[in-house]
Amino acid sequence: MKIEPAELTPRENYKLLTSIVVPRPIAWVSSLSPDGTRNLAPHSYFNIISTDPPIVHFTSAGEKDTRRNVEATGEFVVNIVTDDLVEPMNVTAARFDADDDEFAWADLEVAASSRVAPPRVAAAKAAIECRYRETVSMGNGHMLFGEVVTVHLSDAVHHDGVADPEKYRPVARLGGTAYATIRDVYHLARPDVEELQRDAAR
Ligand SMILES: Cc1cc2nc3c(=O)[nH]c(=O)nc-3n(C[C@H](O)[C@H](O)[C@H](O)COP(=O)(O)O)c2cc1C
């Protein structure tokens, strides 16, 4: 089947692309409004952009409280959604008013951040404190970039300075209402080019 995006509605393109570009990790972004109201919302358009310095981004589709808060205050925290947090994460995706506190609605314990004002989700296995750098807008997407200033990693998943893939159970967003948890972990070492050349010459 060949599909031409120009022949689809924006909604159909959204459904098609978000079903294909998977699995997507979920950045549960906490922020504060200028008057100090807490905000928390999931964003699966999320990834690493740079590691020197460390920079991540998430994309806001349209005008949302998270984007307004981050652009106004310059700070946010990416809390990673693991399988134990999927229900409260879903609650925070509801269309609350700007003066509603999603931490309270989802009955989540709040933890203070170290170097930014927005709080963290206390139960998050990983939380990434960020200083906002800039927004790049394209179409209806607004990519917000943030420099990572502090990372919190729970002792439950921490191993040798990184998140242990066997213990860390990040939830992936798939298309529509589908989600997946990463459980089957395997390792694949990257080949050395000389090794490949030797094998090819045999
Ligand atoms: C798993 C999941 C992932 C989502 N990813 C995004 C995203 O990447 N960008 C976006 O704009 N909205 C995304 N949404 C929808 C927002 O979370 C939703 O619009 C939310 O109400 C925005 O809250 P805010 O206005 O407080 O920022 C996602 C929702 C869910 C459940």
Side-chain angles (χ1 to χ4, degrees), residues 5 10 13-14 17-82 85 89 92-93 95-96 98 101-103 108 110-122 124-154 157-158 161-163 165 168 170-175 179 182:
N13 275 317
Y14 165 79
L17 290 174
T18 54
S19 76
I20 293 173
V21 184
V22 294
R24 295 188 304 284
I26 306 172
W28 208 5
V29 180
S30 46
S31 61
L32 290 175
S33 69
D35 74 4
T37 303
R38 291 189 291 236
N39 193 277
L40 184 63
H43 290 77
S44 69
Y45 297 173
F46 157 61
N47 224 310
I48 304 165
I49 291 300
S50 161
T51 49
D52 182 20
I55 293 174
V56 296
H57 90 85
F58 67 92
T59 292
S60 182
E63 274 292 323
K64 297 191 178 177
D65 295 335
T66 303
R67 178 181 164 211
R68 269 190 291 272
N69 288 350
V70 172
E71 289 177 348
T73 65
E75 295 179 333
F76 64 97
V77 180
V78 170
N79 302 273
I80 300 296
V81 178
T82 43
L85 293 172
M89 177 282 292
T92 66
R95 233 173 255 179
F96 292 106
D101 174 356
E102 283 94 353
F103 278 89
L108 285 163
V110 175
S113 294
S114 304
R115 294 178 65 190
V116 299
R120 301 179 282 132
V121 172
K125 301 271 188 326
I128 305 168
E129 296 184 18
C130 299
R131 286 232 164 81
Y132 169 66
R133 292 272 293 246
E134 65 175 286
T135 300
V136 174
S137 297
M138 249 175 259
N140 66 343
H142 307 278
M143 296 179 78
L144 282 86
F145 297 85
E147 184 162 341
V148 176
V149 292
T150 300
V151 174
H152 301 263
L153 194 55
S154 152
V157 300
H158 166 263
V162 300
Y168 191 47
V171 171
R173 189 171 194 200
L174 307 176
Y179 291 85
I182 315 282

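Computation of the quantities below employed the complete heavy-atom set of this structure, encompassing side-chain atoms and omitting hydrogens, waters and symmetry-equivalent molecules.
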Evaluation steps, side chain to side chain contact (heavy atoms under 4.5 Å, CB included), between T150 and S113: CA-CA 9 Å; T150 300; S113 294; over 6 Å; no
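- Side-chain atoms of F46 and R24, non-hydrogen and from C-beta on, never get closer than 4.5 Å to each other.
- Atom CZ of F145 and atom OG1 of T59 lie 7.0 Å apart (nearest 0.5 Å).
- The aromatic rings of F58 and F76 sit perpendicular to each other, their planes meeting at more than 60°, with 30° as the lower class boundary.
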Side chain to side chain contact (heavy atoms under 4.5 Å, CB included) between V70 and E75, intermediate numbers included: CA-CA 6 Å; V70 172; E75 295 179 333; over 6 Å; no
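- Between T73 and P34, the shortest heavy-atom contact is CG2-N, 4.1 Å.
- Atom CG in L32 sits 9.5 Å away from atom CG in D101 (nearest 0.5 Å).
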Verdict with supporting geometry, D65 and S33, side chain to side chain donor-acceptor pair (under 3.5 Å): CA-CA 8 Å; D65 295 335; S33 69; over 6 Å; no
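- Under the 4.5 Å side-chain criterion, counting only non-hydrogen atoms from C-beta, P118 is not in contact with L40.
- At distances below 3.5 Å, not a single donor-acceptor pair connects side-chain atoms of N140 with backbone N or O atoms of A61.
- Here the side chain of H43 pairs a donor or acceptor atom with the backbone of A41 at under 3.5 angstrom.
- Between L108 atom CG and L85 atom CG the span is 7.5 Å, to the nearest 0.5 Å.
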V121 vs F103, side chain to side chain contact (heavy atoms under 4.5 Å, CB included): CA-CA, chis, key distance, verdict: CA-CA 8 Å; V121 172; F103 278 89; 3.8 Å; yes
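- Counting all heavy atoms, side chain and backbone alike, A27 lies closest to V78 at CB-CG1, 3.5 Å.
- Shortest non-hydrogen contact noted between V110 and P119 is CG1-CB, 3.2 Å.
- Between E147 and R133, at least one side-chain N (NZ, or NE/NH1/NH2) sits under 4.0 Å from a carboxylate O, which counts as a salt bridge.
- Between P25 and I80 there is no side-chain heavy-atom pair separated by less than 4.5 Å.
- Inter-residue side-chain proximity for R173 and V22 is flagged as unmet; no heavy-atom pair is nearer than 4.5 Å.
- When all heavy atoms of P42 and W28 are compared, the closest pair comes out as N-CD1, 3.7 Å.
- For the pair A98 and T37, the tightest heavy-atom approach, listed with the atom from each and the gap, is O-CG2, 3.7 Å.
- With E129 as reference, H152 is the one residue of R120, H152, R115 to meet the side-chain hydrogen bond (donor to acceptor under 3.5 Å, both in side chains) rule.
- The distance from the NE2 atom of H57 to the CD1 atom of I48 is 10.0 Å, given to the nearest 0.5 Å.
- Here the CE atom belonging to M143 is positioned 5.0 Å from the CD1 atom belonging to I49, to the nearest 0.5 angstrom.
- Applying the side chain to side chain contact (heavy atoms under 4.5 Å, CB included) test to T135 and every residue at least two apart in sequence or in another chain returns E71, Y132, S137, H142, L144.
- Residues satisfying the ring pair (Phe, Tyr, Trp, His ring centres under 6.0 Å) criterion with F96, sequence neighbours excluded, are W105.
- Of the inter-residue distances, the one linking I55 atom CD1 with R131 atom CZ reads 13.0 Å to the nearest 0.5 angstrom.
- Annotation for C130 and V56: closest pair SG-CG2, 3.7 Å, computed over non-hydrogen atoms.
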